[in-house]
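For ligands, and for the atoms within them, numbers begin at 1 and follow the listed sequence.
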Amino acid sequence: MSGAAVLGIETSCDETACAVVAGGQHVLASAVASQIDLHARYGGVVPEIASRAHIEAINSIIERALDESGVAPADLDGVAVTHEPGLIGSLLIGLTAAKTLAWAWGKPLVGVNHVYAHAYAAALDAEPIDYPAAALICSGGHTALYRCDSPTELALLGSTIDDAAGEAFDKVASILGLGYPGGPAIDQAARDGDPAAVRFPRTLLKGQSLDFSFSGLKTAVLYHVRGVPGRRRKGEAEPKKRGLESFNRQEIADIAASFQAAVVDVLRIKLRRAAKHVGARTLILGGGVSANTALRAVAAALAERLGCTLRMPAMEYCVDNAAMTAGLAWHYLRAGHTDGLDLAAHATVRR
Ligand code: KG4
Ligand code: ZN
């Protein structure tokens with residue numbers, strides 16, 4: 001079974017993806033249909049639009065991945081699918097497609113947790129990960145730290161109590177008029193900015209907390225740009241209204257860099273705490289935010305200081321894809337774990 005190929009399907013958010021991965025590692029094909037253009041005008045993912053777009057794209061994406069892989073359905077060892085967490089309507093499209101194929105081809109079905117798959121993405125087209133590891137998974141929907149003892153044994157150490165890091169990037173980019181998705185736009189703008197220009201808050205740093213909170217930071221950026229409401233004393237003149245127009249390009253780059261520095265600082269401090277807590281040999285980054293240039297640089301320096309190996313996925317496997325789903329499912333199959341056709345979708349999971 002070592003070279004066996006698994007077909008994976010991922011539709012948890014706004015990417016319709018299918019991939020074929022051999023031996024849990026070698027990506028034979030990875031097809032992704034992005035819906036970014038459909039959601040851009042709303043500044044975020046609209047669940048109903050996402051579900052409809054998944055229905056329209058799913059069959060051709062599966063066909064494309066199978067064709068590119070050169071693997072016949074009869075030679076597959078299983079069909080994997082993201083079944084939690086995510087947008088429920090979106091998850092159900094992928095789950096229904098996967099169940100149909102598993103039943104029609106007579107192959108085992110394997111349900112995969114999307115966040116666990118992000119923690120596995122760094123092993124794709126690369127060496128196996130050296131465990132135990134501390135994994136920091138940051139995306140548009142999740143920000144969490146895990147202890148990982150193997151690809152399939154993960155324990156949640158902490159997570160966000162409000163916004164996810166990627167969500168904060170998207171909202172702040174919208175406040176700064178930088179477009180959607182916000183992460184890459186802020187990453188780009190921050191390259192010309194001064195990260196020390198504005199001192200934005202770093203939250204939940206006290207004690208040994210491994211949880212995160214980014215909504216206060218987002219509000220701090222909003223107030224910095226639009227002014228703080230209700231700060232006028234009786235008899236005082238109306239303060240000069242601030243707004244995006246009153247900031248020049250350089251100042252916007254400075255705010256972007258200062259916001260990014262605040263997020264990355266918190267992520268670094270918590271990842272360091274988690275690594276020590278776990279006694280980690282490896283640090284893992286995963287999720288869309290792990291494409292961030294500043295985070296990647298800071299994580300590399302941290303790993304060196306701790307004497308750990310840093311594993312970051314290739315850029316295409318940082319964001320949502322099905323190769324990580326198929327790759328991780330191979331380990332479940334190898335351990336004899338499969339799911340029935342009654343496998344359910346779950347919007348949220350906390351474990
Ligand atoms: O993992 P992903 O594709 O989807 C979810 O599961 O949410 O992550 C998407 C998120 C978005 O919020 C996007 O703005 C963020 O990842 N992102 C980035 C960067 N590239 C994508 N955030 C910061 N810097 C980046 N370079
Ligand atoms: Zn994701």
Side-chain angles (χ1 to χ4, degrees), residues 8-17 19 30 32-36 39-40 42-47 50 54 82-87 90-91 94 112-122 124 135-144 146 159-160 163-176 178-191 193 195 214 217-218 256-257 259-268 284-299 312-325 328 347-349:
I9 295 176
E10 149 65 40
T11 61
S12 66
C13 191
D14 61 338
E15 258 93 32
T16 317
S30 176
V32 182
S34 170
Q35 304 176 5
I36 282 181
H39 301 288
Y42 303 102
V45 177
V46 181
H54 283 308
T82 306
H83 75 116
E84 62 180 21
L87 300 171
S90 292
L91 287 168
V112 170
N113 175 304
H114 179 70
V115 188
Y116 291 12
H118 272 306
Y120 182 72
L124 295 170
L136 172 65
I137 311 303
C138 296
S139 69
H142 322 278
T143 298
Y146 286 89
S159 60
T160 182
D163 290 356
E167 194 180 350
F169 269 95
D170 292 336
K171 287 176 178 167
V172 166
S174 158
I175 295 167
L176 298 179
L178 293 173
Y180 175 85
I186 289 194
D187 197 343
Q188 181 64 40
R191 280 174 209 175
F214 293 110
L217 171 59
K218 175 192 67 191
F259 159 77
Q260 182 173 275
V263 176
V264 169
D265 252 8
V266 173
L267 296 177
R268 173 183 52 81
I284 299 175
L285 293 187
V289 181
S290 58
N292 185 267
T293 322
L295 177 60
R296 289 172 91 92
V298 154
M312 300 186 284
M315 287 292 183
E316 66 186 298
Y317 304 133
C318 284
V319 289
D320 286 351
N321 66 89
M324 61 188 191
T325 318
L328 177 55
T348 53
V349 223

For [atom], what is the nearest protein heavy atom, given as residue, atom name and distance?
{"atom": "atom 2 (P) of ligand 1", "answer": "Asp320 OD1, 3.5 Å"}
{"atom": "atom 7 (O) of ligand 1", "answer": "Gly140 N, 2.8 Å"}
{"atom": "atom 14 (O) of ligand 1", "answer": "Asp170 OD1, 2.7 Å"}
{"atom": "atom 24 (N) of ligand 1", "answer": "Asn292 ND2, 3.0 Å"}
{"atom": "atom 22 (N) of ligand 1", "answer": "Gly183 CA, 3.2 Å"}
{"atom": "atom 26 (N) of ligand 1", "answer": "Asp187 OD2, 2.9 Å"}

- Taking 2.8 Å as the upper limit, name the protein N, O or S atoms near the Zn ion (ligand 2). His114 NE2, His118 NE2, Asp320 OD1
Which of the atoms in ligand 1, numbered in the order shown and given with their element, are less than 4.0 Å from a heavy-atom of [X]?
{"X": "Gly141", "result": "7 (O)"}
{"X": "Val319", "result": "3 (O)"}
{"X": "His114", "result": "6 (O)"}
{"X": "His118", "result": "1 (O), 6 (O)"}

- Using the side-chain contact (heavy atoms from CB on, under 4.5 Å) rule, pick out the option among Thr325, Asp320, Val115, Leu87 that qualifies with Ser12. Asp320
- Item | side-chain contact (heavy atoms from CB on, under 4.5 Å) between Arg296 and Cys318, intermediate numbers included | CA-CA 11 Å; Arg296 289 172 91 92; Cys318 284; 3.4 Å; yes
- Query: If you measure from atom 1 (O) of ligand 1 to every heavy atom of Gly288, Gly166, Ser34, which option wins on shortest distance?
  - Reply: Gly288
- Does His39 have any ring-ring contact (aromatic ring centres under 6.0 Å, His included) partners at least two apart in sequence or in another chain, and if so, which? none
Donor + acceptor pair across side chains of [X], [Y] (<3.5 Å):
{"X": "Asn113", "Y": "His83", "result": "no"}
{"X": "Thr16", "Y": "His54", "result": "yes"}
{"X": "His114", "Y": "Glu84", "result": "no"}

- Message: The test is side-chain contact (heavy atoms from CB on, under 4.5 Å); show your working for Tyr180 and Tyr42 and say whether it passes.
- Response: CA-CA 9 Å; Tyr180 175 85; Tyr42 303 102; over 6 Å; no
- Message: Taking Met324's backbone N and O only, do any of them form a donor-acceptor pair with Asn321's side chain (distance below 3.5 Å, no angle check)?
- Response: yes
- Message: Check for me whether Pro184 has a heavy atom closer than 4.0 Å to any atom of ligand 1.
- Response: yes
- Query: Is the closest heavy atom of Gln260 to ligand 1 under 4.0 Å?
  - Reply: no
- Item | Phe259 and Phe169: CA distance, side-chain angles, deciding distance, ring pair (Phe, Tyr, Trp, His ring centres under 6.0 Å) verdict | CA-CA 9 Å; Phe259 159 77; Phe169 269 95; 5.1 Å; yes
- Can you tell me how far the CG atom of Leu285 sits from the CG atom of Leu295, to the nearest 0.5 Å? 5.0 Å
- Report the C-alpha separation of Arg191 and Asp187 in whole Å, then their side-chain angles, then the decisive distance to 0.1 Å, and conclude whether the side-chain contact (heavy atoms from CB on, under 4.5 Å) test is met. CA-CA 7 Å; Arg191 280 174 209 175; Asp187 197 343; 3.4 Å; yes
- Is there a side-chain contact (heavy atoms from CB on, under 4.5 Å) between Val263 and Gln260 once you walk through the steps? CA-CA 5 Å; Val263 176; Gln260 182 173 275; 5.8 Å; no
